[in-house]
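Not measured: the values here are computed from a predicted model.
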Amino acid sequence: MSDIIEALNKLEKEKGISKQVMIDSIEKAIVSACEKDFGKDAVKVVMDPETGEIKVTAPKQVVDEINDPNTDILIEDAKHIDPDCELDDFVECEIKTMDFGRIAAQKARGIILQNIKENERKAVYDYFKERERTIMTGIVQRRVGYNLSVNLDDKTETTVFSKEMIPGERYRAGDRIKLYIVKVSETPKGGLRINTSRTHPEFVKKLFEKEVAEVEDGTVEIMSISREPGSRTKIAVWSNDPDVDPVGACLGLNSARINNIVTELNDEKIDVIVWDEDPAIFIENALRPSPVVSVEVDEDERVARVIVPDDKLSLAIGKEGQNARLAARLTDYKIDIKSESQADDDAYYVDDDFEYMDDDEEEQGSITEEEVNAAIEEVESEAEEAATADNTEESDSE
């Protein structure tokens with residue numbers, strides 16, 4: 001029996017399956033194997049966790065004549081177990097393992113193997129479930145179309161889809177790759193699905209936690225992140241310690257900390273700005289590197305009207321509207337941006353569709369009601385003059 005305990009100890013060490021869980025599985029397997037002869041849940045099974053000895057008992061009815069040896073026991077034999085027993089009482093009788101027979105033994109073995117597989121699968125699931133929303137390092141196995149097959153441990157692989165990869169980065173078989181574990185779930189068939197990403201905003205947050213000690217210990221908090229993978233990220237930080245500069249902590253000495261993160265993100269630009277509970281100040285910070293003249297905030301509608309210097313309008317908006325778009329996502333405000341000279345006009349930039357319009361374009365693209373009425377009056381006047389001229393010509397000819 002010690003061989004069984006040795007095997008269970010080995011399973012616990014190599015596969016992470018609890019020894020006690022396996023002992024419970026073996027006990028249940030033997031109970032199941034005895035159902036045909038003794039009835040469902042009729043027997044009790046106890047396995048010694050040190051020696052591996054298995055003791056199986058079943059209740060038998062005390063009788064003076066045996067009809068079924070599996071359920072009946074003669075009174076003279078029952079007296080050896082319980083001297084005070086009487087006819088029709090039940091006594092717990094030990095059942096020898098050899099009495100199970102070949103079929104029962106095979107059934108028990110099959111159930112044990114099934115439980116080993118289920119517990120091994122559960123151990124793997126629990127291992128990765130605990131690492132959900134963290135970063136793990138895997139090894140690229142091969143390319144599958146535009147996707148990557150990545151080995152997370154000796155027996156677990158996951159597929160990293162192309163849309164979850166940072167644009168422009170390339171990996172080959174054998175390369176190490178850091179992945180953000182988005183979600184771990186079980187498939188309907190009992191398999192394991194691990195969703196990973198390098199484009200998720202939380203990937204950037206976890207990189208800062210690993211690289212910046214002040215973020216990891218909670219001195220500096222990351223309040224919000226907006227990201228366009230492979231291009232640019234804005235991250236808002238706040239310090240719980242007035243003596244700690246949150247931006248400086250994230251940058252590090254000579255920008256060493258943030259440079260390590262930028263390298264991991266395939267040279268993606270990162271703007272670290274200070275979060276503020278005042279939305280106007282927060283929005284002003286979010287639009288950096290552009291300076292801001294003024295910010296008017298409607299907190300109920302979550303709309304902000306921002307005025308910037310004339311020569312900084314394009315900087316505030318950013319290439320293809322990127323700076324304004326990221327700032328809007330970071331602050332969760334709709335942001336309207338105008339230059340100082342446009343502040344009293346109808347020209348505007350709105351983060352919704354990121355389309356800038358100036359006065360000239362509006363004049364070329366629309367006609368007012370006054371202009372339409374003036375044009376009609378002009379046409380009618382010209383027609384009236386022409387009619388008068390025709391009447392004059394007819395009078396002269398007569």
Side-chain angles (χ1 to χ4, degrees), residues 10-17 116-213 215-216 222 225 227-233 235 250-270 272:
K10 187 176 181 180
L11 280 171
E12 185 174 45
K13 183 178 180 180
E14 294 182 356
K15 300 183 180 298
I17 303 174
I116 289 175
K117 290 180 180 179
E118 289 179 355
N119 281 280
E120 182 179 5
R121 185 166 55 246
K122 185 178 185 301
V124 173
Y125 171 79
D126 290 343
Y127 173 81
F128 285 103
K129 190 68 176 178
E130 290 176 359
R131 285 153 182 79
E132 198 174 66
R133 299 180 183 178
T134 65
I135 290 178
M136 292 189 67
T137 300
I139 298 177
V140 177
Q141 297 300 299
R142 60 191 177 277
R143 295 193 66 87
V144 183
Y146 293 102
N147 308 321
L148 289 180
S149 177
V150 177
N151 196 346
L152 295 177
D153 62 16
D154 293 338
K155 294 184 178 180
T156 308
E157 287 190 6
T158 186
T159 298
V160 186
F161 296 102
S162 58
K163 66 179 181 179
E164 302 297 339
M165 301 289 293
I166 298 173
E169 61 182 359
R170 297 288 183 269
Y171 286 92
R172 297 180 179 179
D175 288 347
R176 297 176 69 84
I177 182 173
K178 290 182 179 179
L179 299 171
Y180 177 68
I181 309 299
V182 180
K183 186 177 181 181
V184 178
S185 57
E186 292 180 299
T187 65
K189 294 184 179 180
L192 184 65
R193 179 182 291 114
I194 304 175
N195 296 333
T196 60
S197 176
R198 285 177 58 80
T199 61
H200 200 288
E202 287 292 311
F203 181 54
V204 178
K205 181 178 180 180
K206 294 302 178 182
L207 289 176
F208 270 92
E209 289 179 359
K210 285 181 174 291
E211 194 67 36
V212 182
V215 174
E216 184 180 19
I222 296 176
I225 297 176
R227 185 185 182 198
E228 294 189 355
S231 179
R232 194 173 182 181
T233 289
I235 180 169
C250 291
L251 296 180
L253 184 63
N254 297 324
S255 299
R257 289 175 169 177
I258 199 166
N259 284 341
N260 291 336
I261 298 173
V262 169
T263 299
E264 177 61 38
L265 297 176
N266 196 32
D267 294 331
E268 183 175 312
K269 295 179 181 179
I270 301 178
V272 182

- Item | Donor-acceptor contact below 3.5 Å, side chain Glu169 vs main chain Ile166 | yes
- Note on the structure: Taken in chain and number order and not counting sequence neighbours, the residues that satisfy salt bridge (Lys or Arg N to Asp or Glu O under 4.0 Å) with Glu268 are Arg227
- Listed partners of Tyr180 passing ring-ring contact (aromatic ring centres under 6.0 Å, His included), at least two apart: His200
- Message: Contact between Val212 and Ile258 at the side-chain level, heavy atoms closer than 4.5 Å - yes or no?
- Response: no
- Note on the structure: For Leu152 and Gly138, the nearest pair of non-hydrogen atoms, with its separation, is CD2-CA, 4.3 Å
- Query: Looking at Val215, Asn260, Ile135, Thr134, which one forms a side chain to side chain contact (heavy atoms under 4.5 Å, CB included) with Lys210?
  - Reply: Ile135
Only distances under 3.5 Å count here; give the side-chain donor-acceptor pairs of residues 139-148 to other protein atoms, sequence neighbours excluded, each with its distance to 0.1 Å.
| from | atom 1 | to | atom 2 | distance (Å) |
| --- | --- | --- | --- | --- |
| Gln141 | NE2 | Ile139 | O | 3.3 |
| Asn147 | OD1 | Ser162 | N | 2.9 |

- Go through the steps to decide whether Val204 and Ile222 satisfy the test side chain to side chain contact (heavy atoms under 4.5 Å, CB included), and finish with yes or no. CA-CA 10 Å; Val204 178; Ile222 296 176; over 6 Å; no
- Message: Restricting to side chain to side chain donor-acceptor pair (under 3.5 Å), what partner residues turn up for Ser149, sequence neighbours left out?
- Response: Glu157
- Message: Run the side chain to side chain donor-acceptor pair (under 3.5 Å) test against Thr158 and tell me which residues pass, sequence neighbours left out.
- Response: none
- Item | Results of side chain to side chain donor-acceptor pair (under 3.5 Å) for Glu264 - residues two or more places apart only | Arg198
- Message: List the residues meeting side-chain contact (heavy atoms from CB on, under 4.5 Å) with Val124, not counting sequence neighbours, and say none if there are none.
- Response: Phe128, Thr156, Leu192
- side-chain contact (heavy atoms from CB on, under 4.5 Å) partners of Lys122, counting only residues at least two apart: Asp126
- Task: Taking the side chain as every heavy atom from C-beta outward, state whether Leu179 and Val160 have any pair of such atoms under 4.5 Å apart.
- Result: yes
- Spell out, as yes or no, whether a donor-acceptor pair under 3.5 Å connects the side chain of Ser231 to the backbone of Glu228. no
- Message: A side-chain contact here means heavy atoms from C-beta on lying under 4.5 Å apart; do Cys250 and Phe208 qualify?
- Response: yes
- Message: Test of understanding: with side chain to side chain donor-acceptor pair (under 3.5 Å), list the residues that count as partners of Asn266, not counting sequence neighbours.
- Response: none
- Could you go step by step and tell me if Phe203 and Leu265 meet the side chain to side chain contact (heavy atoms under 4.5 Å, CB included) rule? CA-CA 10 Å; Phe203 181 54; Leu265 297 176; 3.6 Å; yes
- Note on the structure: Which of Glu216, Arg257, Lys206 passes side chain to side chain contact (heavy atoms under 4.5 Å, CB included) with Glu211? Answer is Arg257
- Query: Less than 4.5 Å apart, any side-chain heavy atom of Ile225 and any of Thr233?
  - Reply: yes
- The complete set of salt bridge (charged side-chain N to carboxylate O under 4.0 Å, His left out) pairs with one or both residues in residues 178-196, sequence neighbours excluded, reads none
- Query: Can you list the residues that meet the side-chain contact (heavy atoms from CB on, under 4.5 Å) rule with Lys129, with sequence neighbours excluded?
  - Reply: Tyr125, Glu132, Val184
- For the atom pair CZ (Arg172) and CD1 (Ile177), what is the distance rounded to the nearest 0.5 Å? 14.5 Å
- Note on the structure: Residues at least two apart in sequence or cross-chain that pass side-chain contact (heavy atoms from CB on, under 4.5 Å) with Arg121, listed by chain then number, are Glu118
- Would you say the side chain of Thr263 lies within less than 4.5 Å of the side chain of Ile261, judging by non-hydrogen atoms? no
- Side-chain donor or acceptor of Asn259 paired with backbone N/O of Ser255 under 3.5 Å: yes
